[in-house]
Number of protein chains: 2
Amino acid sequence: MKRDSRLSSVLHALLHMAEQDGPVTSETLALCLGTNPVVVRRTMGYLRQAGIVTSERGHAGGWRIHADLGSVTLRQLHEALGEPATFAIGNRNETPECLVEQTVNAALEGTFAEAEALLLTRFSEITLADLASDFARRHSALRHSRNKS
Amino acid sequence: MKRDSRLSSVLHALLHMAEQDGPVTSETLALCLGTNPVVVRRTMGYLRQAGIVTSERGHAGGWRIHADLGSVTLRQLHEALGEPATFAIGNRNETPECLVEQTVNAALEGTFAEAEALLLTRFSEITLADLASDFARRHSALRHSRNKS
DNA sequence: TTTTCATGAAACAAATGATGTTACGAAAAA
DNA sequence: TTTTTCGTAACATCATTTGTTTCATGAAAA
Ligand code: FES
Ligand code: FES
């Protein structure tokens with residue numbers, strides 16, 4: 001199955017934007033992500049609808065973060081993207097008449113629901129600020145290792 | 001995304017087989033699952049490789065469970081199917097050079113790993129016998145409600 | 001005002017992966 | 001020998017994500 005990588009994409013884009021002063025164009029972000037500006041607009045559009053970023057047209061236009069880094073969680077981003085399906089595994093038939101299949105579905109659904117709840121909880125505990133500081137730590141560590149060598 | 005429903009399928013098939021005395025043909029299972037006998041053979045073939053079922057050709061041939069219902073866990077079945085990818089969400093680039101993306105990936109991977117661990121743990125706690133008794137309970141409840149009405 | 005730069009949006013194309021189908025061979029029993 | 005049933009390969013279909021092309025719209029610069 002082809003995995004939905006939009007959450008990964010917007011995180012990369014947002015952290016990139018967080019390091020810039022002015023707005024960042026779709027063109028620039030597309031180069032970073034190795035994709036097409038139209039794909040960037042399409043994906044970032046979801047975040048604009050959610051009020052997380054803003055966009056401006058024309059000269060000096062582009063995308064800006066419209067929120068405090070510490071107030072945006074991965075869960076909010078996941079929701080902004082429309083809460084895409086979490087699992088690549090699922091039931092064959094969602095509304096089966098067969099009692100055997102209902103039994104199987106119930107067992108699987110319960111288990112998947114539990115795992116998804118954990119995932120969403122963790123998502124709600126991670127903010128953009130967390131990732132930014134994590135990045136700063138990695139960046140610093142890289143500089144140190146470079147100085148040593 | 002199109003979800004992998006093979007685990008759901010084989011569970012349905014196995015519970016069906018558990019209620020039968022003799023072997024069950026791919027044709028019969030395909031009718032139950034609403035699919036094609038070849039798909040059944042293809043999928044059940046994984047379970048045969050794992051030693052969970054056996055198959056016989058010719059007259060009175062078909063599929064048999066080759067294990068105790070209480071000893072087969074959902075996790076074993078998941079493994080027999082080749083441990084298909086759990087999540088429909090993932091990183092854009094698995095081996096990025098960009099430190100920003102590495103940071104994002106690490107955060108997401110850690111979270112997904114945690115959720116997957118929970119899922120596999122639950123899978124390892126559920127056996128075919130559990131599902132069979134769950135089915136019996138549902139079946140009995142259905143009969144009671146029918147008698148009442 | 002005209003040109004340039006940028007997003008917005010629709011429509012279409014490509015790539016991927018799961019599932020379904022067809023066809024033929026091999027083995028086992030009737 | 002005929003029938004049944006699995007084993008396997010090859011191909012077709014379907015759904016979804018991602019990428020691409022195209023044109024319109026708005027905003028700033030020249
Ligand atoms: S931030 Fe631009 S390539 Fe990673
Ligand atoms: S067991 Fe055969 S249809 Fe559910």
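What you see below is based on every heavy atom in this structure, not just the backbone, and it leaves out hydrogens, waters and symmetry mates. All chains are named by letter (A, B, ...) in the order of the sequence lines, taking the proteins before the strands, and each is independently numbered beginning at 1.
In this structure, CG of L29(A) is placed 16 Å from P of dT18(D), rounded to the nearest angstrom. If you take OH of Y46(A) and P of dT18(D), they are 10 Å apart, rounded to a whole angstrom. Protein atom NE2 of H59(A) is 5 Å distant from nucleotide atom C1' of dT4(C), rounded to whole Å. Residue R6(A) contributes atom CZ, which lies 11 Å from atom C1' of dT16(D) at whole-angstrom precision. To the nearest angstrom, P of dT7(C) lies 8 Å from CD of E27(A). The interatomic distance linking R41(A) (CZ) with dT21(D) (P) rounds to 14 Å, in whole Å. Atom pair L81(A):CG and dT18(D):P shows a separation of 10 Å (rounding to whole Å applied). For the pair N36(A) CG and dA9(C) P, the interatomic distance rounds to 16 Å; values are reported in whole Å.
The number of heavy-atom neighbours closer than 6.0 Å to CD of E97(B), taken from other residues, nucleotides and ligands shown, is 12 or below.
When each of G62(B) and R92(B) is assigned the nucleotide of DNA chain D with its nearest heavy atom, G62(B) is the one assigned upstream, toward the 5' end. Position along DNA chain D of the nearest nucleotide to S26(B) versus V38(B) favours S26(B) as the more 5'-ward residue. Of the two residues near DNA chain C, W63(A) and S5(B), the one whose nearest nucleotide lies more 5' is W63(A). Looking at which nucleotide of DNA chain C each of R57(A) and R42(A) is closest to, the 5′-most match is held by R57(A).
An OP1 or OP2 oxygen of dT18(D) is reached within less than 4.0 angstrom by no side-chain nitrogen or oxygen of T35(A). At least one side-chain nitrogen or oxygen of S55(A) sits closer than 4.0 Å to the OP1 or OP2 atom of dG8(C). The side chain of R64(A) contributes no N or O atom lying less than 4.0 Å from OP1 or OP2 of dA6(C).
Once rounded to the nearest 0.5 Å, the distance linking CG of L77(A) with CD of E79(A) reads 9.5 Å. Atom CG of L69(B) and atom OG1 of T127(B) lie 7.5 Å apart (nearest 0.5 Å).
The aromatic rings of F87(B) and F112(B) sit tilted relative to each other, their planes meeting at an angle between 30° and 60°.
Contact annotation for G45(A): no contact, since no heavy-atom pair falls under 4.0 Å across all strands.
Side-chain polar atoms of S8(A) and S5(A) form no donor-acceptor pair below 3.5 angstrom.
The base of dT17(D) is paired with the side chain of K2(A) by a donor and an acceptor separated by under 3.5 Å.
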